[in-house]
Structures are given as structure tokens and as C-alpha cells.
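Read the structure below first, then the notes.
This chain uses plain numbering: 1 for the first residue, then up along the sequence. Quick caveat: nothing in here was measured; it's all calculated off a predicted structure.
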Amino acid sequence: QSVKDMLVFGPMSAPGDSVAEDSRLFWKEGSTLRFGTMREIYASFLKGSKLEVMSVVRHHDSPYSKSSFPTMDNSRIIFSPVGQVIDHGLREVHRVILHNGKSIEITEDHSLICSDGFTTKFYPCALPELDRIISVDDYPISIEDTSNFDEEMASFLGLWMADGSYCWADKDQTTTHGVEISTGNNSQIVGWLKRFSVRYKRDLFEAAVYKEVNENALSAHDLSAQYNMNMNYAHHIIWKIKNGWKPVRDKTKVFSIKGNGDVRLWSKELSSAVLSCFGNTRSATKRVPQFIFTSGNNMVAAFLRGYFSGDGSAHNGIRGSRVDCSSVNRHLLEDVSVLLDRLGIKHNITSGYIPSMWSKNKQYKLVVDSGLHVQKFLSNIGFIKNIPKMDNVKSKAKKHRELSLRGIRSIEKIGIKQVYDISVPSTEMFVVNGILCHNSGSLIVDKNNKAIALLFAGSDKVTVGIPIGRVL
């Protein structure tokens, strides 16, 4: 009892195997699904929230038994309760990139999981000795949509992320008149956008009303009678006009198209919605809107349908059919990779290449080329535009697996970063950046918040000498 009175369990800064603060993961805070960084889950932990992280449970045996380490056939993905989220301070980290393009930034002593145990010591010269690492390729997330957008709007946002820009009303880029999307004169995308624009006919109606009010000096009563509108709405329009409101460049229609296939949708309501999702961003800095990561699978599929219709393509080749997309923005493709994992579609991201001698920026490509997953992409996501008939779909995979073993493409030292770790008592591992990691131990601290020892999760043994050498 005297020992219990002396000790408390809690988070604190201490040495230990760790993951960089900007590494991303899914977790549950109560019943709410979250997606964010290690720094953000640490903040949630400090608030006292009940947290669960994505982990892997084995079908047999006990923790730390060699035969019970995850394999492709004996494991499944679950959400498991968090013991602690631990601040390990500033540490030197290495970036480990797998052959499928997934990457993680960890301290040299952090353990990832391979086919028959832990793999550790991640420094460049150790690369030839390291085993293949377990990658998580299918996230078991089933939730209802709670966003203010529907699937059609999600597809539009994906299309805009691929090929869209703003129609700014001023040089300071503070007000938008509408949005523009490059279609390459694709008739299916142009037709889809034209049908979509009908949702914003209110802008067109108010433009016509503006002309009537200015030319004929109509009152709110006149507007209500002439257009059979609600009197409050009529007063609102008159008030807007008197306070300097004008329709979008006096346009008489929402939809317009240039000769090169660039479509403009003249709607402040629509452009404001896009701006709220993406901010004032350019092609090289676009990212998937945060709410998409925690939306239902149908919304995720609709968003990807729009994006791949703009930036993606489908091919039939000698080696089989495939779906791919390209971008100079690797971070964007990593976001898309997370969404494909949400739907259980395996893929790879290339290491980057210079497409021509006149190019300065690296181009990255995300590829779905396994026949089983090409079929899954086409049936669950698909395209807005027409694609070639995929008649050369070959598949070596006998069945779908949530986990896969991936070799290591590269390891590089990237410098000092703030790092954190998570203890997961029931499974002793968690998923971050789509890679399976071993968990940290729970720190034992005294009432003065001074570390005494490190208790490994799932064990009743206390290590000696971490960090100050006291023995319990």
C-alpha cells in the first residue's frame, strides 16, 4: 500500500521509442471517429477523453509469443482502448518508406512489426538486414455520414480538388464569384457539371431580380406579387441591393464553358462552400478536406470518384488493367491513399520521377494494379467520365486480406522532431500512417511527476533503470 501511495500513472516527457508528432492515425473519442496527428491525439488524452486506436488482434495465443505475431491469415483490425499517450520530447527521427509508398517517421529504437516479431534499429546502413514490415491496407470503419454535404457535392469537391480553381472577385483574393474546373472538353464531365449547376439556380434567379429592381424600381411588395415569393425574402433582396449587392458579374446563367473546355459555375454559395473545405489553396498545396476522412464509405467513394475523374485514368496493358492518378503533390496522394485504405483497395505510390527534361518538379503516381482491387475500385468508386472497357483484369490474389507484408524502399535520417508514443495494453500495437507499430510502455511517475520506471503494457514486470535506475 505504501508503494501505491507513492506512485501515480501518467503522461510525461521521457526517453523511449517514439513516432513523429505529424504522423497520422484514426482513433475514437467516445463514440466519435477522429483522424489527425499524434500531437492531436495527445491533446485529447490530456483532456481525459476515453480513447481507442486502430490495432490488430490475433486469433490465438498470448502477447509476446512468437507464434502469435500477426500474419496475413490469423489477424484482424479492431479499435482497442488506449492506456496512455506519452510525450517523449525532442528526438532524432528517421523516415522509413515502404515499397507501397507508405512512410513513417520514427526514432531509431522504435519497433515496427514484421512477419515473426519486432523489427527495430532503423538507420540507413541496416536496410539490407531488415525484414518486411506489416502494412494495414483495409480500415474497418463503418459510420453514418454527419456532414452537411451529400454524395453529389462530395464528387464535385473531388473533381475540384483535381482540376479546380477560384474565380476571384478582387486582386486581394478575399471574395469569389464562382469556381472553374478544367475538363479537357470531356463531354461526360461537362454534362455532369451542367446538371450539377441546376442546384444553384437561386443565384440565377436573384440576378434576374436585380435587373428588374434596377430597371423598374420595384418595391418588396412588387417583387412578392410579381414572382410569388415570400415577403420576407423580397425585403431581404431589396435590402441586399440597397446595400451594394450585385449578382455575379451580371451573369444571366450559372453555367458557362470556354472553348478549351474550362467550365465556370457562377455561384457565390458554391464557391463559399468550396472555400470552406479547401481554403485559399493552389494545386501544389491542396489536401483532402478533413471531414472526408471521417465520413461514411459512400461519401468517401463519391469524393474519390470525382477526384479520379479529374486526375485519374484507367488502362488496359500487357500486364493487366490498372487505375492510376498523378500529381506533383505527394501529400495529396498520401491523403488519397488513406481514403483508398478506408475502402480496402490496395495500391502503391511511386518514388517520384521527372516526367521530362523541361520539368523541374517531381511527379508522383498512385497505382491500383492488382486485378482484384481494380475490380473493387470500378464497382465501388468508378468514374464520371467514360473509360476503356477493362477486359484484361488479372488477379493473383486468392482472397482479400487486411494486412500485407511490404519491403522497405528507403530509410533516411531527417533530424530532430517532437515525438509521442501510445500504450495499448490489450494488443500492444497500433496503426499509424497505415503501418503497424509496437506500442510503448506505461510510465510510472511519483507524485512530483518524476519518472521511476517503465512498465511494459501487458506485463507485470517492471524494467530496472529507466530512466534513473531505481529498482522496485
- request: Given ring-ring contact (aromatic ring centres under 6.0 Å, His included), test W160 with Y166 step by step and report yes or no.
  value: CA-CA 10 Å; W160 187 91; Y166 297 109; 4.9 Å; yes
message: Using the rule given for side chain to side chain contact (heavy atoms under 4.5 Å, CB included), can you reason through H94 versus E412, listing the C-alpha separation, both sets of side-chain angles and the distance that settles it, and then say yes or no?
response: CA-CA 5 Å; H94 293 72; E412 58 179 322; over 6 Å; no
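- A donor-acceptor contact under 3.5 angstrom links the side chains of S313 and D324, judged on distance only.
- Sorted by first and then second residue, the salt bridge (Lys or Arg N to Asp or Glu O under 4.0 Å) pairs with a member in residues 273-301 read R287-D335; sequence neighbours excluded.
- Under a 4.0 Å N-O distance rule, the pair K365/D311 does not qualify as a salt bridge.
- The existence of a salt bridge linking K417 and E105 is confirmed by a sub-4.0 Å separation between a basic side-chain nitrogen and an acidic carboxylate oxygen.
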task: Go through the steps for Y420 and H88 under the test side chain to side chain contact (heavy atoms under 4.5 Å, CB included), then give the verdict.
output: CA-CA 5 Å; Y420 300 93; H88 282 212; over 6 Å; no
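- Ring geometry for F430 against H110 counts as perpendicular: the plane angle is over 60°, on a 0 to 90° scale with 30° as the lower cut.
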message: Please determine whether side chain to side chain contact (heavy atoms under 4.5 Å, CB included) holds for the pair E334 and N433, giving the CA-CA distance in whole Å, both sets of side-chain angles, and the decisive distance to 0.1 Å.
response: CA-CA 9 Å; E334 289 172 348; N433 282 9; over 6 Å; no
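- To the nearest 0.5 Å, atom CD1 of residue I77 and atom OG of residue S55 are 8.0 Å apart.
- Using a 3.5 Å distance cut-off with no hydrogens or angles, the side chains of S404 and D137 do pair a donor with an acceptor.
- With contacts defined as side-chain heavy-atom distances shorter than 4.5 Å, the pair W266/H177 qualifies.
- Counted within 6.0 Å of NZ on K385, heavy atoms from surrounding residues, nucleotides or ligands total more than 12; the atom is thus considered enclosed.
- Taking the six-membered ring for Trp and thresholds of 30 and 60 degrees, F377 and F308 have ring planes more than 60 degrees apart, a perpendicular arrangement.
- Relative ring orientation between W192 and F196 is described as parallel, the plane-to-plane angle staying below 30° on a 0-90° scale split at 30° and 60°.
- Looking at residues two or more places apart in sequence or on another chain, you find a side-chain contact (heavy atoms from CB on, under 4.5 Å) between T183 and I181, I189, V190, L193, V263.
- Listed by chain and residue number, S165, C167, K258, D262, R264 satisfy the side-chain contact (heavy atoms from CB on, under 4.5 Å) test with E180 (two or more places apart in sequence, or in another chain).
- N348 and R406 are linked by a side-chain donor-acceptor pair at a separation below 3.5 angstrom, with hydrogens and angles left out of the test.
- Here the CD1-OG distance, from I113 to S135, works out to 13.0 Å after rounding to the nearest 0.5 Å.
- Side chains of T176 and S271: a donor on one and an acceptor on the other come within 3.5 Å.
- Looking at heavy atoms from C-beta onward, K102 lies out of side-chain contact with I133 at the 4.5 angstrom threshold.
- When the options F26, W27, F79 are evaluated for a side-chain contact (heavy atoms from CB on, under 4.5 Å) with V53, the one that passes is W27.
- Ring geometry for F291 against F149 counts as tilted: the plane angle lies between 30° and 60°, on a 0 to 90° scale.
- A salt bridge is defined here as a Lys NZ or Arg NE, NH1 or NH2 lying under 4.0 Å from an Asp or Glu carboxylate O, and E52 with K28 fails to meet this definition.
- Between the side chains of D87 and Q418, at least one donor N or O sits under 3.5 Å from an acceptor N or O.
- With M54 as the fixed residue, the side-chain contact (heavy atoms from CB on, under 4.5 Å) test singles out one of L25, I141, I78: I141.
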message: Let's go through R91 and D109 carefully: what are the C-alpha distance in whole Å and the side-chain angles of both, what is the deciding distance for side chain to side chain contact (heavy atoms under 4.5 Å, CB included) to 0.1 Å, and is it a yes or a no?
response: CA-CA 11 Å; R91 297 281 304 281; D109 54 358; 3.5 Å; yes
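- Side-chain contact between P81 and S426 is present, with heavy atoms from C-beta onward closer than 4.5 Å.
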